[in-house]
Student: 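This is the structure I have questions about; it appears just below.
Just so you know, residue 1 is the first one in the sequence shown, and it goes up from there.
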Amino acid sequence: MSFSRRNFLIATGVAAAAGSVLTACSSGDSNGSGSGGGKQAAAKAHTTEVKIGTEADSTGPAPEVSGAKKGGTVYLLNDDDVSHLDPQRIYYAWNSLASIVLNRALTGYKVGDDGSMTLVGDLATDTGKMTDGGKTWSFTLKDGVKWEDGTDVTVDDVRHGIERAFASFITEGAMYVQQWLTGSAEYRKSYPGPYKHKHLKSIVTSGKTITFHLSEARPDFNYVVAMNSYAPTPVKKDTKEDYDKKPVSNGPYRVKSHVTDKSMVLVRNEHWDPATDPIRNAYPDEFDFTFGVEQLTAIDRLLADSGKDQYAVSWRTIPQERITKAQTEAKDRVFMELGSGVSVYWINTTRVADASVREALIKAWPTAQLRQLQGGSAKGDFATGIMSPLVAGYESQDVWGKLKKPAGDPAAAKKILEKAGKTGYKIVYAYQQDDVQPKLAVVIENALKAAGFDVVTKSIDSTTWYDQIGKVDNSYDVYWGGWSSDWPTGYSVFQPLFDSKGITDGGSNYAHLKDPAVDAAIKAATAETDQTKANKMWAALDKQVTQTASFIPDLYMRRIYLHGSKLGNVKMDPQFDGCMLYKLYVKA
């Protein structure tokens, strides 16, 4: 998912892109350049193994957190309200972090103390049964899973949740399953939703089992149905558009009250049975959200650590001007982890068709200096590809030798241009209008000029950024972008970004790459039913697309947060880049 559209913007609470997120003081390679800093940063990158769990892994209760106790209230300080609570309208990370304690899906991720993830059955007894090469998937519901009113969660409710995602008023959620169930990107033309008492023929229910007949092989379908967008909605409690205001919970908490843009209170759902839930611990009695608290104000309150703020956390990252203070005065309350997003600079391959020119751009790019201007290594680790270390199958590779020379090599770039007869090649670099991006543009311009390029910089309003770079005929050669996978396998990285069918206005093939070999590799990896083999194929694709010189690897992004002293086990959700409410606890 594109940062600015989905995960990244909401998780960090900023309106612009690379230059204004997660800025921090350097820790590690303080000079921001040289091979030592690059290697050190690369060594810090860790991978998250994603296992496919067994039926035993899918049984509850979730493993206990050492030292944790039940009880108490946790306070959340944030500037924005959640935009949706209706599961079918949830896609943004900010909403998902709240939704995961309200809505359970067919599958989900059991997160270990070390950050490892295991895909398990959440509502389902296991991670599903695949047949017909991945075109047919069946899931059987567990016994004892109930809604907050005490009624059973049924396969009819699961089917209803997915069918109502076709309704015209559902415009914000994921669209993958709808397309695969109908075989059409314009899925509403095939099925308008369940409100005329009709069901999709591609979904079949029998007893406690629901079976999906897909139009194409989807060997990773069990990952996809872990998304909040595909959680069930009770047939008898569906109030259509108004369901967003009063959703019914089947998770460990329910909505007690919600005043738009002011507050929200979540309390225990007494009908949640931990014996059915392998994922969630649910230690606090209550979560009290206060909205309208500016990011800097929230961090200052957490730094002061007095009264109720000792029991508080914010889902917004620590702003640059408070990083040093937080790391000095509240080191034990700062948690900083690798996030799921990857930052890159896209090269428009339609305009910059010569691969030698693109290679020269990559060689000359001043990655280390750009990171240093944005806070140093606290911002993230130097990236070498587009695949995050948190995606299953990730393998380290460094096609362009960026870890050896993260500061760039203008001399080597200049030789490449000279050999290709392209000295003086004009590059139009686009950047967003904010406080940091113009400074980055100056560094980029100087580095490219030193390599022999003729550079023109153009600023774009941040509110229209993705609209502008998303145009097929845009007039820019290089521009920032980023991506975070919708589920931790390679499909939701490579298919949206590099499939040639994505070269459309508003599409996400931002490099406009049209490479038959890449298309074929995406198709082959998508069809592979053995997930271990598929993961290897996606890792090979990471190297393959990097070799196309269609983007300049920048950073594997890191997130940094602060919490009150009376909270324990505050850890980041690797899926949504914010703390896991269902794992933390209130200290005695």
Side-chain angles (χ1 to χ4, degrees), residues 1 3 6-14 17-18 21-29 37-51 93 96-97 109 111-118 315-318 323 326-327 331 334-344 367-368 370-372 374-398 402-403 406 482-490 492-493 535 538-539 542 553-563 569-580 583:
M1 56 179 73
F3 291 164
R6 301 292 184 195
N7 191 310
F8 188 81
L9 174 64
I10 303 304
T12 57
V14 296
V21 298
L22 194 58
T23 48
C25 292
S26 174
S27 58
D29 55 325
K39 291 177 181 177
Q40 184 179 12
K44 293 177 184 176
H46 65 279
T47 62
T48 294
E49 183 179 0
V50 184
K51 298 178 181 179
S96 297
L97 286 162
Y109 300 94
V111 182
D113 289 338
D114 59 354
S116 62
M117 292 189 289
T118 302
W315 277 338
R316 298 303 191 243
T317 57
I318 303 174
I323 290 290
Q327 291 181 325
K331 185 177 181 180
V334 172
F335 64 110
M336 181 170 62
E337 299 180 36
L338 194 69
S340 59
V342 180
S343 165
V344 301
T367 303
L370 299 177
R371 185 178 75 164
Q372 186 61 22
Q374 297 170 83
S377 60
K379 180 172 173 61
D381 296 337
F382 294 129
T384 56
I386 191 65
M387 190 176 184
S388 166
L390 300 190
V391 173
Y394 167 85
E395 293 179 4
S396 178
Q397 53 89 5
D398 189 12
K402 294 297 288 184
L403 297 181
W483 200 258
S484 181
S485 59
D486 281 327
W487 60 92
T489 72
S492 65
V493 177
N535 291 341
W538 293 123
D542 189 34
D554 185 34
L555 298 174
Y556 300 124
M557 303 297 290
R558 187 174 283 114
R559 304 286 177 264
I560 183 166
Y561 300 90
L562 183 66
H563 62 84
N569 199 48
V570 183
K571 293 187 175 181
M572 190 184 75
D573 189 318
Q575 285 295 295
F576 306 121
D577 290 355
C579 72
M580 296 181 283
K583 286 289 184 183

Student: As an exercise, state the distance from CG of L555 to OG of S343, rounded to the nearest 0.5 Å.
Tutor: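 The CG atom of L555 sits 5.5 Å away from the OG atom of S343.
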Student: Run the side chain to side chain contact (heavy atoms under 4.5 Å, CB included) test against N535 and tell me which residues pass, sequence neighbours left out.
Tutor: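 Per chain and number, N535 pairs via side chain to side chain contact (heavy atoms under 4.5 Å, CB included) with A392, Q531, W538.
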Student: Within a strict 4.5 Å, meaning less than it, do heavy atoms of the M336 and R559 side chains meet?
Tutor: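 No, their side chains stay 4.5 Å or more apart.
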Student: Any side-chain heavy atom of F335 within less than 4.5 Å of one from V570?
Tutor: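 They are in contact (side-chain heavy atoms under 4.5 Å apart), so the answer is yes.
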Student: With a 4.5 Å heavy-atom cut-off, do I323 and Q327 have their side chains touching?
Tutor: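 Counting from C-beta outward, I323 and Q327 do come under 4.5 Å.
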Student: To the nearest 0.5 Å, what is the distance between CE on M572 and CD1 on I560?
Tutor: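 Between atom CE of M572 and atom CD1 of I560 there are 12.0 Å.
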Student: Please examine the side chains of Q575 and S96, heavy atoms only from C-beta on, and report whether any two atoms are closer than 4.5 Å.
Tutor: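 Heavy-atom side-chain distance check fails, nothing below 4.5 Å.
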Student: Could you tell me which residues satisfy side chain to side chain contact (heavy atoms under 4.5 Å, CB included) with K51, sequence neighbours excluded, listed by chain and number?
Tutor: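 K51: side chain to side chain contact (heavy atoms under 4.5 Å, CB included) contacts with E49, T118.
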Student: For V493 and I386, run side chain to side chain contact (heavy atoms under 4.5 Å, CB included): C-alpha distance rounded to whole Å, both residues' side-chain angles, the deciding distance at 0.1 Å, then the answer.
Tutor: CA-CA 8 Å; V493 177; I386 191 65; 4.1 Å; yes
Student: If only atom types and distance count, is the side chain of K583 paired as donor or acceptor with the main-chain N or O of K571 below 3.5 Å?
Tutor: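 No: the side chain of K583 does not pair with the backbone of K571.
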Student: What verdict does the side chain to side chain donor-acceptor pair (under 3.5 Å) test give for S388 and S340, after you've listed the backbone C-alpha separation in whole Å, the side-chain angles of each residue and the deciding distance to 0.1 Å?
Tutor: CA-CA 6 Å; S388 166; S340 59; over 6 Å; no
Student: Which heavy atom of P574 sits nearest to which heavy atom of G115, and what is that distance?
Tutor: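 Scanning both residues, the minimum pair turns out to be CG-O, 4.5 Å.
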Student: Given side chains that start at C-beta, do those of M557 and V342 come closer than 4.5 Å, heavy atoms only?
Tutor: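 No, too far: nothing below the 4.5 Å cut-off.
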Student: How would you list, by chain and number, every residue that makes a side chain to side chain donor-acceptor pair (under 3.5 Å) with D573, sequence neighbours excluded?
Tutor: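 Listed in chain order: nothing, the list is empty.
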Student: Under a 4.5 Å cut-off applied to non-hydrogen side-chain atoms, are I318 and Y561 in contact?
Tutor: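 The answer is no, as the side chains (C-beta and beyond) never meet within the 4.5 Å cut-off.
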Student: With sequence neighbours left out, what residues match T489 under side chain to side chain donor-acceptor pair (under 3.5 Å)?
Tutor: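 D220, W487.
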Student: Quick check: closest heavy atoms across V391 and S485, and the distance to 0.1 Å?
Tutor: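 Heavy atoms of V391 and S485 come nearest at CG2-OG, 3.7 Å.
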Student: Taking side chain as C-beta onward, heavy atoms only, is D542 less than 4.5 Å from E395?
Tutor: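 No, their side chains stay 4.5 Å or more apart.
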Student: Between M117 and P488, is there a side-chain heavy-atom distance shorter than 4.5 Å?
Tutor: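 Yes, side chains in contact.
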Student: Which residues pass the side chain to side chain donor-acceptor pair (under 3.5 Å) test with T384, sequence neighbours left out?
Tutor: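 Only Y556 meet the side chain to side chain donor-acceptor pair (under 3.5 Å) criterion with T384.
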Student: Of all heavy-atom pairs between W315 and C579, which one has the smallest distance, and what is that distance?
Tutor: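 Shortest heavy-atom separation between W315 and C579 comes out as NE1-SG, 2.8 Å.
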Student: Nearest 0.5 angstrom please: L97 CG to M580 CE, how far?
Tutor: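 Reported to 0.5 Å precision, the distance equals 10.0 Å.
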Student: Donor-acceptor check, side chain of D486 to backbone of S492, threshold 3.5 angstrom: yes or no?
Tutor: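 Flag not set: sc D486 to bb S492 has no pair under 3.5 Å.
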Student: Hey, could you give me the OG1/CG distance between T367 and L403, rounded to the nearest 0.5 Å?
Tutor: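 Answer rounded to 0.5 Å: 10.0 Å.
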Student: Specify the closest pair of heavy atoms between V334 and A326, including all atoms of both residues, with the distance to one decimal.
Tutor: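 Nearest heavy atoms, V334 then A326: CG2-O, 3.7 Å.
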Student: Roughly how far, to the nearest 0.5 Å, is the OG atom of S377 from the CZ atom of R371?
Tutor: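 Separation between the atoms: 5.0 Å.
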Student: Apply side chain to side chain contact (heavy atoms under 4.5 Å, CB included) to L370 and list each qualifying residue two or more places apart in sequence or on a separate chain.
Tutor: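 With neighbours one apart ignored, the set is Y345, W365, P366, Q374, L440, V443, I444.
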